[in-house]
Peer 1: 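Structure below; questions to follow.
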Amino acid sequence: MRNLEACRGGRRRAASAAAVMLAVACAVDPSGAAAAEAGKVRVGLMLPYTGTYAALGHAITNGFKLAVSERGEKLGGRGVEYFTVDDESDPAKAPENATKLVKRDRVDVLVGTVHSGVALGMAKVARETNTLMVDPNAGADELTGALCAPNIFRTSFSNWQPAFPMGKVAADMGHKTAVTFTWKYPAGDESVGGFKDGFTKAGGKVLKDLTVPFPNVEFQALLTELASLKPDCVYAFFAGGGALKFIKDYAAAGLNTRVKLYGPGFLTDGVYREAGAAAEGLKTTLHYADDLDTPLNKKFRADFKQRTGREADVYAVQGYDTGTFLLQGLDAVKGDVGADKALVKAWEGLTIDSPRGVFKLSPSHDPIQDIYLRQVTGGQEKLLGVAHKALADPGTGCKMT
Ligand code: PHB
């Protein structure tokens, strides 16, 4: 894995014009600015800053930077240099974007991303170049399943994780039939799969899966079809701008008073305030709730609001936790990102004190965490209880080698 070469010591990195210039600068000024510059940890942020997931990318970035700033802008005692790429939630551009960060910017660690398809492309580059990668959102089950790797970690969730408990919750509410509605891409498919897993195990039946291509938000025709199917409830996976449009369209079609709508918390997080009355009453399951009554959550929310002028949401939390994850891991190896095995071991053993609650990672590098049931009530998202305690993704097919 990657390590920076300071003027003194450290491992070699590939010869390049920059390395030659650094050597010259060090010869002139062996303890000066060039050494300090070379000593920075290079963090590659590959996230969506445009499109339907733009707000998610910004919240993750802000959360990450908040955690680092709380530690005096240092990771493992070293300064931090950010390299940022807008991945546009476009899987086709993922290999090129990730390669740019690894080869051109020579980042020590890749942080990203939101979209599961993009994350899978990014992980391929991380595996091939043996670069450390920390995923602060994308839930692609395979990332910590069949495609797991020692250098790939996730601080967020697997798509199955918040979805599975919702199936049981819906069945426990007395619903016998459901229709699912999502974008046709890995996150939508896997989230629906998790819901079905929980719902059918609890005796429910899914009548039909409705999908639109990502990031299409033309829901009208399928909402008409949905109404004609007359299910007891609907499970929908959408997030960001698409979630906002879906909640509004669902209510505008008059469905919100006739067919209960459920989803993973991505359906409402970051958008329920703007959705207003259309979001009222929605119940969702997620590994975070705004009003978790812990000192850390309260402090985090206040600090995030002060820094950004925005309310924190699950994405801000995941960014913040990714910052904490890097901080604690790099502290353990005294900032030596090249100490591959020790860093991986440190990360695997960490207990992260998060605004969501304390969590550790599973053997496949995915958080083992409580999944909460929340409801939008009176314009606020309220915690109703724990839908599933300490839920671990099964990590199907993961063989760490
Ligand atoms: C995903 O693509 O994995 C994804 C995107 C947005 C979310 C959750 C999951 O809110």
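Residues take their numbers from the sequence shown, with the count starting at 1. All ligand and atom numbering here is 1-based and tracks the order in the structure.
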Peer 1: Does the distance from a Lys or Arg side-chain N to an Asp or Glu carboxylate O, for Asp291 and Arg374, drop under 4.0 Å?
Peer 2: no
Peer 1: Might you work through the ring-ring contact (aromatic ring centres under 6.0 Å, His included) test for Tyr288 and Tyr372, ending with a clear yes or no?
Peer 2: CA-CA 7 Å; Tyr288 180 63; Tyr372 306 103; 7.8 Å; no
Peer 1: Mind checking what makes side-chain hydrogen bond (donor to acceptor under 3.5 Å, both in side chains) contact with Glu348, not counting sequence neighbours?
Peer 2: His365
Peer 1: Do Tyr262 and His175 come within less than 4.5 Å of each other through their side chains, counting heavy atoms only?
Peer 2: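 Yes, close enough: below the 4.5 Å cut-off.
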Peer 1: Collect the protein residues that have a non-hydrogen atom under 4.0 Å from ligand 1 and hand them over in chain and number order.
Peer 2: Tyr53, Leu56, Val114, His115, Ser116, Asn137, Ala138, Gly139, Phe157, Asn159, Tyr185, Ala187, Phe237, Ala239, Phe266, Tyr315
Peer 1: What residues, two or more places apart in sequence or in another chain, satisfy salt bridge (Lys or Arg N to Asp or Glu O under 4.0 Å) together with Lys382?
Peer 2: none
Peer 1: List in chain and number order the residues that pass disulfide (SG to SG under 2.5 Å) with Cys398, two or more places apart in sequence or in another chain; answer none if no residue qualifies.
Peer 2: Cys148
